[in-house]
Protein chains: 2
Amino acid sequence: MEVYDTTLRDGTQGIGVSFTSDDKIAVALRLDAFKVDLIEGGWPGSNPRDVAFFERMLDVELSHACLAAFGSTRRKDALVEHDANLAALLAARTPVVTLFGKSWTLHVREALGASLDENVAMIASSVAFMRDQGRRVVYDAEHFYDGFADDPDYALATLIAAAEAGAERLVLCDTNGGRLPEEIAAATSRAREHLAAAGARVPLGVHPHNDAGLAIANALAALREGATHVQGTIGGYGERCGNLDLLGLLPTLVLKLGADQPQPLTEATALGRFVDERANLASNPRAPYVGEGAFAHKGGIHVSAVNRRPETYEHVPPESVGNTRRVLLSDLSGRANLVAKADELGDGALADEAATLVGRLKELEHLGYAFEGAEASFHLVARKVRGDHRPYFTLHGYTVMIDKRDGDGGPRCEANVRVQVGDVFEHTAADGDGPVNALDRALRKALEGFYPSLRSLTLTDYKVRVLAGPDTGTASVVRVHVETSDGERTWGTVGAHTNIIDASYQALLDAIDSKLHADGVVPGGPVAFGAEAAAEAPLRS
Amino acid sequence: MEVYDTTLRDGTQGIGVSFTSDDKIAVALRLDAFKVDLIEGGWPGSNPRDVAFFERMLDVELSHACLAAFGSTRRKDALVEHDANLAALLAARTPVVTLFGKSWTLHVREALGASLDENVAMIASSVAFMRDQGRRVVYDAEHFYDGFADDPDYALATLIAAAEAGAERLVLCDTNGGRLPEEIAAATSRAREHLAAAGARVPLGVHPHNDAGLAIANALAALREGATHVQGTIGGYGERCGNLDLLGLLPTLVLKLGADQPQPLTEATALGRFVDERANLASNPRAPYVGEGAFAHKGGIHVSAVNRRPETYEHVPPESVGNTRRVLLSDLSGRANLVAKADELGDGALADEAATLVGRLKELEHLGYAFEGAEASFHLVARKVRGDHRPYFTLHGYTVMIDKRDGDGGPRCEANVRVQVGDVFEHTAADGDGPVNALDRALRKALEGFYPSLRSLTLTDYKVRVLAGPDTGTASVVRVHVETSDGERTWGTVGAHTNIIDASYQALLDAIDSKLHADGVVPGGPVAFGAEAAAEAPLRS
């Protein structure tokens, strides 16, 4: 199967998807490394950013993929030589040009205002012109399946026109994304027979959308009926419900149907995350094969079985697509789960205290804590249950004030904290953009003198969730997730409270404790336990 | 087709899905109103929250749906009368009990450590026991399709055992979610024939998962081969890649395949959003049919064509599933688009000011505001753009203090506000569970004397989203959505600021303004514009 990626063109029609031209180049290089056959880089006739991208790509060498520029057939009354869109396609100087034309009589009449014959002529002359100019041509038959349902003879006639004019691929598009697998199979099969009868030996492709949640099934149906080229996007990004997700289709073809594809499947998960990053979108945790949750196990029964025999609850091995198994912390219901989690987290010593720990976790979850993504807080709870936790500081309280007055731009925020390290008291204050920012600054200002490595910390993510509780509205429990980085490692912590400031405070404290513990810093203070002395003090006294 | 919803059981296995028992009851009532046939409420043997849910459901009347409790067949060596799981199922006192048993020899040996015959006996005796106790039994054949692929005779024998013991539905589960539509079709067809040959006239069901992105296609394949019962979740929530999304399947059956179903499809979008809200998860914008983006148009060509002939780019009419067409505000490329947006927002008078309004909305969206679900704030922006807004009060500022000291249970929270109505100043303070709660109380305390109808307001929902901005962590922009009710109407408002307190404050102010405006209250104060006089004052002076 030939893989045609349109993440950089059709993918950008999705809500919230937006690439700079740097992003587009980076994505193109990753797609090339993944051995995608064709990369559709954009629609140079439609926007200046795509023109700039193709210009820059002239200096970029691809090792496997061919670059394609996308655009429509000529306008109704234009000569090919004078058509602005075709000129923009040529100016992109790509080896492949993908021309889309109309297959559906409704669109010919309504969108083009052309006669049926005029449209066929537009397809034929545009394809022929591009071939004359030395381009290889992929022909996208827009709305082919809808057009075929409405007027099969006409839809097939447009394919013949493109084939006879020299198109090297005929791609059947389910542009509105609502066709069912049986319809796709029947129309694809009919197109194949019709072309063969006409002596046109042009490979067929399919371009599915996911409006009925059937894009992958539709691609499989077309492939079964002889299509050999598939157009889709990484992550299924695209207009409305999205395009075919190539990373959802490829593993099925290779791992379940025995297809021999050059794409390195073990890179699939990393490729998906990379594109999400560049598109600035949160990864879909439920994405088939490559989602963060695709191999996550929550139920107690599942966990113990999957540890012994992975195939009991995994349809393919996670490593076959570069993904990993995860054991979720919530709803821990049995000893086996906890031991598995402790193993995964590399904390073998936990097994003995499993029951106590589960009890404590359940209490905390009842209060609104959630330890998914907050492994550092989980370890802290575990250390406390084990009696293995020695605090790095004692807290005597904090005050946060938010004050807005007439004529102010925004409110002023100030936090002060009162902490004790060893027998030294610190009472410090700091301003911030918001109350949590002020508190974070004040807290670290108070502690950095004792623990200088805290200077490297930055808060990289901060999430708030309001949990429906017995009270509604602002008196509900608030759960705060904080992600902290020291430039090398990133870790998550959690806090929960009816007061959002206090929930944030807990998560910030856990983040600090976790950093110091991971660095092997010994609790102390400059007076009672000077740094050198502390380094040699026993962990338990 | 019989619709069996397992959002409240299998759905809760999904990452981040978490319902309180209030949520579960609210969701059950919505599912009932949507005329789902069976509602699986939980697994009473597995956790106390589900036990509490079934206890509370004894006092809740359902008008259409039957409630089902889920649990496994008895343990290997237990008598049914002494099996804790079966006892928990009985204690749930539901009319229907769904028992799951093993179909796959691998699982019988590995997970149960039982012999193949023992497993069959466990199924038969458990089903028979539940029937004896007056329960109707749905039998879920776990891993049926994997088991059938491995040892078809054994998988079929377990079905016969359940049927002969009195199960009223035999549900074939693709538990690991990796089977292909052809495999589902072949195995379902074989099961149907085998049962018919054995004289067992028990309706078949299907329980798909989405690990290969084929859950909907697999459900369609099973239905085509004679299954008449489908198990899935609202939104496709569930373990790993999720369960079958019922809202992705139902519209295809009704709108494309002509099925006659009692479920009111026009409520589908609202149901999906409701469950997302209760699960506290962001809605999937790309969800088939009900996603926020399912009928969103970005490209200029699409927008003009779809306005003339919706079927050109929409596979079904958005209103058929209770969704709406959206013209995305980003990339608006012409006046036609602006007018379409103003129309979509249902404020005919706006058309003239469309350009100014869209400009203002773009500015606000850039600052982090989002008006989806905050129509009251949108209308306020529109009134301001139109010069139609007269403030009900003047704000002179607020102070919020959060103070935590040694030995306190939690921090103390106090807010004071300084407002002016007419020529009367009010400086009031209030305590709260958290800073926003305190601010909300203080604000309403200050204004209720002037506007008594504000006493009826309650905050019914409060949501916080941290937006990735140029700064990371706690200095990012925070968007707050508030939902307010006066007992009759509910409306949404939005605020955005780097300071979460100020963002909340804006949303609270909009909520108050919107209430007073909707009630036709005239801005004023007790001295300058006594209530009686105000009622007769002209809206514009």
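Owing to the predicted nature of the structure, the values given are computational and were not obtained by experimental measurement. Numbers restart at 1 for each chain; the letters A, B, ... are given by sequence-line order, proteins then strands.
- Of the atoms belonging to B/Leu106, it is side-chain heavy atoms, and not backbone ones, that fall under 4.5 Å from chain A.
- When side chains are defined from C-beta on, B/Thr399 does not count as touching A/Lys404, because their heavy atoms never get closer than 4.5 Å.
- Annotation: A/His107 is in aromatic contact with B/Tyr313 [ring centroid separation under 6.0 Å].
- With a 4.5 Å cut-off on non-hydrogen atoms, B/Leu439 does not touch chain A at all.
- Taking 4.5 Å as the limit, some side-chain heavy atom of B/Pro411 sits within range of a side-chain heavy atom of A/Tyr398.
- Contact count against chain B (heavy-atom pairs under 4.5 Å) is highest for A/Ala296 among A/Gly242, A/Gly248, A/Ala296, A/Ala221.
- Counting heavy-atom pairs closer than 4.5 Å to chain A, the top residue among B/Met401, B/Glu483, B/Glu110 is B/Glu110.
- Annotation: side chain of B/Leu257 is in contact with side chain of A/Leu180 (closest heavy-atom distance under 4.5 Å).
- Just one of B/Val436, B/Ile402, B/Asp433 meets the side-chain contact (heavy atoms from CB on, under 4.5 Å) condition when paired with A/Asn499; it is B/Ile402.
- A/Arg479 meets the salt bridge (charged side-chain N to carboxylate O under 4.0 Å, His left out) test with no other residue; sequence neighbours excluded.
- For the set B/Ala217, B/Pro48, B/Gly213, the entry with the most heavy-atom pairs within less than 4.5 Å of chain A is B/Gly213.
- At distances below 3.5 Å, at least one donor-acceptor pair connects side-chain atoms of B/Arg286 with backbone N or O atoms of A/Gly236.
- Side chain of A/Asn176 to backbone of B/Glu311: a donor-acceptor contact under 3.5 angstrom is found.
- Residue with the most contacts toward chain B among A/Val464, A/Ile216, A/Asp211: A/Asp211 (heavy-atom pairs, distance under 4.5 Å).
- With sequence neighbours left out, the salt bridge (charged side-chain N to carboxylate O under 4.0 Å, His left out) criterion links B/Glu414 to B/Arg412.
- Rounding to the nearest 0.5 Å gives a distance of 6.5 Å between CG of B/Asn284 and CG of A/Asn284.
- By number of non-hydrogen pairs under 4.5 angstrom with chain A, the leading residue of B/Pro435, B/Cys413, B/Pro251 is B/Pro435.
- Side-chain atoms of A/Asn210 do not come within 3.5 Å of backbone N or O of B/Pro288 as any donor-acceptor pair.
- One N or O on the side chain of A/Lys256 and one on the backbone of B/Gly178 form a donor-acceptor pair closer than 3.5 Å.
- Inter-residue side-chain proximity for A/Glu182 and B/Arg224 is flagged as met; some heavy-atom pair is nearer than 4.5 Å.
- Taking the side chain as every heavy atom from C-beta outward, B/Leu214 and A/Leu220 approach each other to under 4.5 Å.
- The parts of B/Ala212 that come within reach of chain A are both its backbone and its side chain, each placing non-hydrogen atoms under 4.5 angstrom from that chain.
- Between chain B and the residues A/Ala294, A/Gly293, A/Cys241, A/Ser504, the largest count of heavy-atom pairs under 4.5 Å involves A/Cys241.
- Residue A/Ala287 touches chain B through its backbone alone, counting heavy-atom pairs closer than 4.5 Å.
- Contacts between B/His209 and chain A at a heavy-atom distance below 4.5 Å are absent for every atom of the residue.
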Determine, step by step, whether B/Arg418 and A/Arg405 satisfy the side chain to side chain contact (heavy atoms under 4.5 Å, CB included) criterion, reporting the C-alpha distance in whole Å, the side-chain angles of both residues, the deciding distance to 0.1 Å, and the verdict.
CA-CA 9 Å; B/Arg418 300 173 285 284; A/Arg405 290 177 184 276; 3.8 Å; yes
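- A donor-acceptor pair under 3.5 Å is formed between the side chain of A/His143 and the backbone N or O of B/Thr312.
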